[in-house]
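For reference, the structure is listed below as structure tokens.
A, B, ... follow the sequence lines: proteins, then strands. Residue 1 opens every chain.
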Protein chains: 2
Amino acid sequence: MFNNSFELNKNNINDKVKLNGWVKKSRRMGDLLFFDMRSGEEIVQVVVKPNSSAFEIANKLRSEYVVSVEGIVLLRKNINPKLKTGEIEIEASKIVIINKAKQLPLIVDDETDALEAKRLEYRYLDIRRPINYKNLKYRSKFNKLIRDFFYENDFIEVETPIITKPTIGGAGEFKVISNNHKNKFYSLVQSPQIYKQLLMYGGINKYFQIAKCFRDEDSRADRQLEFTQLDLEMSFTTKEIICSLIDELLMKITNDFKEYKIKEIKQITYKEAIEEYGSDKPDLRFENKIVDLTDILKNTNVEFIQKILDKDVVIKAIYFEKTLSNSALKNISELIKSQGAKNFLWGKINDDGINSSFKDISQEELSQIKKTMNISSEGTILAIIDKKHLALEYLGRIRNIFAQEADMIPKDILAFVWVTNFPLFELSDDQKLISMHNPFTAPLEKDLERFRNQELSTKELLEIDSTAYDIVLNGNEIGGGSIRISNNEDQVKVFKALGMTNEEIKESFGWMLEAQEYGIPTHGGIALGLDRILSILLKTVSIRDVIAFPKTSAGTDDMMKAPIEVK
Amino acid sequence: MFNNSFELNKNNINDKVKLNGWVKKSRRMGDLLFFDMRSGEEIVQVVVKPNSSAFEIANKLRSEYVVSVEGIVLLRKNINPKLKTGEIEIEASKIVIINKAKQLPLIVDDETDALEAKRLEYRYLDIRRPINYKNLKYRSKFNKLIRDFFYENDFIEVETPIITKPTIGGAGEFKVISNNHKNKFYSLVQSPQIYKQLLMYGGINKYFQIAKCFRDEDSRADRQLEFTQLDLEMSFTTKEIICSLIDELLMKITNDFKEYKIKEIKQITYKEAIEEYGSDKPDLRFENKIVDLTDILKNTNVEFIQKILDKDVVIKAIYFEKTLSNSALKNISELIKSQGAKNFLWGKINDDGINSSFKDISQEELSQIKKTMNISSEGTILAIIDKKHLALEYLGRIRNIFAQEADMIPKDILAFVWVTNFPLFELSDDQKLISMHNPFTAPLEKDLERFRNQELSTKELLEIDSTAYDIVLNGNEIGGGSIRISNNEDQVKVFKALGMTNEEIKESFGWMLEAQEYGIPTHGGIALGLDRILSILLKTVSIRDVIAFPKTSAGTDDMMKAPIEVK
């Protein structure tokens, strides 16, 4: 009898409707009473005539009252093109107030003046804002897209445990207390890494999962205590198979977002990424690459460059076809110096020459620079003189900062890039070898012989490349994986390189080494951070905006109030 | 060039294939060498001729070696009708050993002689058994079926937090320690109950989730520390809407299982369930109901019945058209008495009369009993004389035990039944009022007036019915839900009935009571235990068999060894 849907248009004229929802706002116009009624992201206008039996109740309605309205769909006189239902309105014959509302602490609209602290405290009201409703609804669709993709590709979704074994010395891990096991601890799983490898050992050849992961670290703008990961692993696979599968997935996911242009997905090595962009997560929405000017300027007469330039340092530079004001450049200079950079140079270039740090270079040098950097118009050169890895690192940061400041990052581009062949190891702050990806990552084929058959020094181990790969979107690492070690000897060799004793290896991974002796397949996989991908696609300020009930950046729940002391 | 699939049949004759998998077993026949190769649940026979270059390697193969085999598909001479690939075999031209295997601690086959302790310790090998592979694969499909159903019905899947606020006095809750918040605790969510209600407060009108839940209680045969729940909630809903939605879902889920007959899904009230089946989770695969014989036997001459029968007790009885041996009946008697039952009576009935406990009753009494219990053939009467609720409870248990012993429970029936109108409260072991479902459950419409407007005694509160409902399958509670309280006053009244002080209410639920003042909709929902449903449908011994990496019944992980002491 009644149509209960908010999706009403001209085709519904004269339909009887019964709608449940929230009063958005009400107003009088002459004798008539109007109010907008909201459900999810839909809004419908209701009109109440003075002779209607609903008029008395309608008169009492305030914002955010929950009401049930019966009425008839009419053509609207003043069409509202902003609303999907803008051509119609409901003439109410009956209104029931389901619940009243007192004054809300925030405005329920896409634009709200409430600060995030307030929005998180009243998250259940915040998600009434249509933009948040839309984001949560999209997240649901997004998960379905992903799952359907993997089902179509014959993957099995397996639910792996959340309560697991604590890692020895596992910083950043939540410990879990059980009443049934005094003085012992479980932990919350940081990722399904080991479980998915065990699934491969167990013959589940194609596994995926949209999995919850947990890390006990200070939440930063883009981290949460718990986050959601697309996790997958395959047996008898290669990097190429995994990358092309993910490429296909990314095309499918982004297909919903017609507002974006999607660049061809490239693959570059870690070394190339560092050399050309000063970062292992380069933002390829803009092409500008780092070049080396050391050779060109090694005999320069510019005194202050001469003074710095010795055999330990290089000049790395980047060129932008944009200029900034001197004060903006000075800000960048100060920022990067506050981060530890020492010799930051910049010059604006035009037909007349180049100024600032570079103003005294010779015509010959300038013309070689122009040639090397492919400069044919006005713009800015930015450079760092330092040890190579530092010069690249700082210039990588400057690349992002300048592009941002010069407003030259296109907002409508999605630039995915694979960064491959990560080093197997890196040095920790206290100069110990640690895994760059994880200890189960296999060395790259080309380095395997050397890794297996030689006793390598720390310096040599640092030169071993691995099978690890990251997928990067607009300068954000959105996922990473590798081909895993599938034999015992390599695995032990990695553990030892990480400084583990035989006893420590046995205690932590003895059972896993045993598992590897029962006939295991080669395997590899990847994990993608879904919160971050969603946040980028939906252009939200933080990943908190794509999570139903996020924690604050301090890791607290300010709605329910947690954590708390427990007596 | 190569076909990599194990799904091969006569249509693939002469196809070149390259298969990766496990050696199941190898054998020689004359000059030829045969082995079965396994991937997931598929098996293919490989034959190696003595003149093949693969022969030497084939000769080295042992069970559970991982191999890559290249060859050609041939028609098989001796067809194996048990295998999907039984009409073909692969003649190998090349074999590569990917990994060797030492002797496994368990047999990788549907039938294994390994005890469960061994199977859990080596779970990664256990899941190589095709039956376990099949179960995990089905679970993946099952989750997809459920999600697709809710997507089709316009539900939004929302991921709710796992790390949450500890409940005051929350026994059975895992506490979580964070390094960033000394002396404070989070807890693991027991169910998304509060979050899903907040989603309703927030206008997400149709929510569902396949959610992980956590309870820190001794694992019994059918419990795990973490388990998976289908959780849903709707605004502006009714019990009828929810039940018919779930009925539809259950029909869809069970549609895959052609081996079952599905009984029409009935609804009975809690009172009816207790009166007729002595249980709030009756097994309706068999119809036998409990009847009252008190009136018929109140003036009996049978001395020992007379002696027990006073105004406080009743005679509850049940009839089965089956008989058991006296020793089997004696076992039942001893079992139920060991559980606390006092006066257990039984008699076999046939054309000659009735024996045992009932042998001395009069012809008139017997004929009345036959009439009341609708007895027209040989069979057994079982009875308990006790206070009514005890008589019903024990007879409910006897009903299940006898049916089991008499082997009269059809294995091919799925008998779902809704049990509705649960009491709002019950008494705890220490005689305190507790919520029978949860403290957010609304009283039943018919009792609402009384609940709201009167000061009720504990006895009267125990008589208030609620909107809570359970769904039961073959005697197992597989889900439950209710219509929730959606106004502040009722909510406070329930908290107070539960003995909470104003301060306790404010501390635990103050923020929720505030939330209820900002315009909340009426709402209700349900949660279904997916592990248990899967276990019943797949006829596994325990829910552990449908979980990839289950904990033991003691809550330990015997594969990785957890929980552990942490230094």
**Complete:** Taken in chain and number order and not counting sequence neighbours, the residues that satisfy salt bridge (Lys or Arg N to Asp or Glu O under 4.0 Å) with A:Glu504 are none
**Message:** Return the CG to OH distance between B:Leu199 and A:Tyr133, rounded to the nearest 0.5 Å.
**Reply:** 11.0 Å
**Complete:** The reported gap from CD1 in A:Ile204 to CZ in B:Arg128 (rounded to nearest 0.5 angstrom) is 10.5 Å
**Message:** Out of B:Glu64, B:Arg38, B:Gln197, return the one with the most heavy atom pairs under 4.5 angstrom to chain A.
**Reply:** B:Glu64
**Message:** Side chains of A:Glu159 and B:Asn143: any donor to acceptor distance under 3.5 Å?
**Reply:** yes
**Message:** Counting only heavy atoms not in A:Asn4 (residues, nucleotides, ligands), do more than 12 fall under 6.0 Å from its CG?
**Reply:** yes
**Message:** Once rounded to the nearest 0.5 Å, what's the spacing between atom OG1 of B:Thr164 and atom CE of A:Met559?
**Reply:** 7.5 Å
**Request:** Could you check which of B:Asn487, B:Leu188, B:Val158, B:Ile194 has the highest count of heavy-atom pairs closer than 4.5 Å to chain A?
**Result:** B:Leu188
**Message:** If we count only N and O atoms by modelled type, under 3.5 Å, do the side chains of B:Tyr518 and A:Gln103 hold a donor and an acceptor together?
**Reply:** no
**Message:** Under the criterion salt bridge (charged side-chain N to carboxylate O under 4.0 Å, His left out), I'd like the reasoning laid out for A:Lys102 against B:Glu517: C-alpha separation, chi angles, the key distance, then a yes or no.
**Reply:** CA-CA 6 Å; A:Lys102 63 179 191 186; B:Glu517 295 190 89; 3.4 Å; yes
**Residues, nucleotides or ligands: over 12 heavy atoms within 6.0 Å of B:Lys561 NZ** = yes
**Request:** Mind checking the OH-CD1 spacing from B:Tyr201 to A:Ile127? Nearest 0.5 Å is all I need.
**Result:** 12.0 Å
**Contacts of residues 145-152 of chain A with chain B (heavy atom under 4.5 Å)** = A:Arg147, A:Asp148, A:Tyr151
**Prompt:** Checking A:Asp557 against chain B: side chain, backbone, both or neither under 4.5 Å from a heavy atom?
**Reply:** side chain
**Asked** What part of B:Glu507 is in contact with chain A, defined as an atom under 4.5 angstrom from a non-hydrogen atom: side chain, backbone, both or neither?
**Response** side chain
**Prompt:** Any idea how B:Tyr124 and A:Trp511 line up, ring-wise: parallel (<30°), tilted (30 to 60°), or perpendicular (>60°)?
**Reply:** tilted
**Message:** If I measure from the heavy atoms of chain A, does B:Ser187 come under 4.5 Å with its side chain, its backbone, both, or neither?
**Reply:** neither
**Asked** Under 3.5 Å, side chain of A:Ser140 to main-chain N/O of B:Glu157, donor-acceptor pair present?
**Response** yes
**Asked** Hey, is CD on A:Glu7 packed in by over 12 heavy atoms from elsewhere, all under 6.0 Å?
**Response** no
**Asked** When you measure from the side chain of A:Asn99 to the backbone N and O of B:Gly519, does any donor-acceptor pair fall under 3.5 Å?
**Response** no
**Item:** Region of A:Lys212 in contact with chain B, defined by heavy-atom distances below 4.5 Å
**Value:** side chain
**Message:** Once you measure the plane-to-plane angle for B:Trp22 and A:Phe236, does it fall in the parallel (<30°), tilted (30-60°) or perpendicular (>60°) bin?
**Reply:** perpendicular
**Prompt:** Are A:Asn205 and B:Ser39 linked by a side-chain donor-acceptor pair shorter than 3.5 Å?
**Reply:** yes
